[in-house]
Amino acid sequence: FLSYIGFASVIKGVDLNILILLMRSDPSPFFFIARFLAVLVGTGTVYLTYVLGFRLFKNKTTALYAAGFLALSFLHSNFSHWARHWIYAAFLLSALMFVLLHDEWTPAKRYFISALLSGLGVGIAPQVALMGLFIILWYLIYDRRSVLKDIQRLWFWRAIAAFGVLVFLVYLLWPQP
């Protein structure tokens, strides 16, 4: 979030020293904004959990239980309250499952968007790269697609390239010691 403000100030021509002075004098507005965004994302995750529960089980009661359990989860509430990065990772995982469950979409669209979400997740936490493994398992077990047939299609390689570029970009911009 702070990098976005710094980037926006550079584009608009605002002196970065003013931003630094503002952050040092009173950083509380930045914390409130970050916490508010995390609460919105946490609420979105609860909503996505309801939608996923309804799509998977075709039962409103089960979907309400799933969303209710997540809403009352101490960890979920705590991560939302303190604006921890895991709340964004949970949202991206829920969004990934939502996209994969959209049987109305073509496989090209579903897997490309899934690769984008997974690649973005790596920018939040490197462990989220395991969502790529989830996509592969979904591809092989749930969709039961043939790798030999899809390897000849352009969308297959576009999805892999999108994930790879985003992961490479994360490690390029955020080098690890």
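Just so it is clear, the model here is predicted, and its values are computed rather than measured.
Atom CD1 of I135 sits about 11.5 Å away from atom CG of D143, to the nearest 0.5 Å. Atom CG of L75 and atom OG of S80 lie 10.5 Å apart (nearest 0.5 Å). Distance CG/L72 to OG/S77: 7.0 Å, rounded to 0.5 Å. Put simply, CD1 on I141 and CD1 on I136 are 11.0 Å apart, with the number rounded to the nearest 0.5 Å.
The hydrophobic clustering, which links ILVMFWY residues whose side-chain heavy atoms are closer than 4.5 Å, places F156 and V165 apart. In the hydrophobic clustering of this structure, F57 does not group with V46; members are Ile, Leu, Val, Met, Phe, Trp, Tyr whose side-chain heavy atoms approach within less than 4.5 Å, directly or through other members. In the hydrophobic clustering of ILVMFWY residues, with side-chain heavy atoms under 4.5 Å counting as a link, Y171 and F163 come out together. Under a hydrophobic-cluster definition in which Ile, Leu, Val, Met, Phe, Trp and Tyr are linked whenever side-chain heavy atoms come within less than 4.5 Å, directly or via other members, L70 and Y65 are assigned to different clusters. In this structure, V167 is a member of the same hydrophobic cluster as V170, with clusters built from ILVMFWY side-chain heavy atoms closer than 4.5 Å.
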Do any side-chain atoms of residues 113-122 form donor-acceptor pairs under 3.5 angstrom with protein atoms, and if so which ones, sequence neighbours left out?
{"unit_1": "S114", "atom_1": "OG", "unit_2": "R110", "atom_2": "O", "d": "2.7"}
{"unit_1": "S118", "atom_1": "OG", "unit_2": "G132", "atom_2": "N", "d": "3.4"}

Return all side-chain donor-acceptor pairs below 3.5 angstrom for residues 84-103, not counting sequence neighbours, or 'none' if the list is empty.
{"unit_1": "Y88", "atom_1": "OH", "unit_2": "A38", "atom_2": "N", "d": "3.4"}
{"unit_1": "S94", "atom_1": "OG", "unit_2": "A90", "atom_2": "O", "d": "3.0"}
{"unit_1": "H102", "atom_1": "ND1", "unit_2": "E104", "atom_2": "OE1", "d": "2.9"}

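Among residues two or more places apart in sequence or in another chain, the ring pair (Phe, Tyr, Trp, His ring centres under 6.0 Å) test is passed with Y142 by W138. Applying the ring pair (Phe, Tyr, Trp, His ring centres under 6.0 Å) criterion to F112, with sequence neighbours excluded, gives no partner residue. Residues meeting the ring pair (Phe, Tyr, Trp, His ring centres under 6.0 Å) test with F168, sequence neighbours left out: none. With sequence neighbours left out, W155 forms a ring pair (Phe, Tyr, Trp, His ring centres under 6.0 Å) with Y111.
Taking both residues in full, the closest heavy atoms of A67 and Y50 are given as CB-CB, 3.8 Å, listed atom of the first, atom of the second, then distance.
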Working note: V147 + Y139, criterion side chain to side chain contact (heavy atoms under 4.5 Å, CB included); need CA distance, chi angles, decisive distance, verdict. CA-CA 9 Å; V147 178; Y139 175 85; 3.5 Å; yes
Starting from the C-alpha separation in whole Å, work towards a yes-or-no answer on side chain to side chain contact (heavy atoms under 4.5 Å, CB included) for F134 and L130. CA-CA 7 Å; F134 180 78; L130 292 175; over 6 Å; no
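Atom CZ of F54 sits in a crowded spot, with more than 12 heavy atoms from other residues, nucleotides or ligands closer than 6.0 Å.
Panel note: side chain R35, backbone H81; a donor-acceptor pair is recorded below 3.5 Å.
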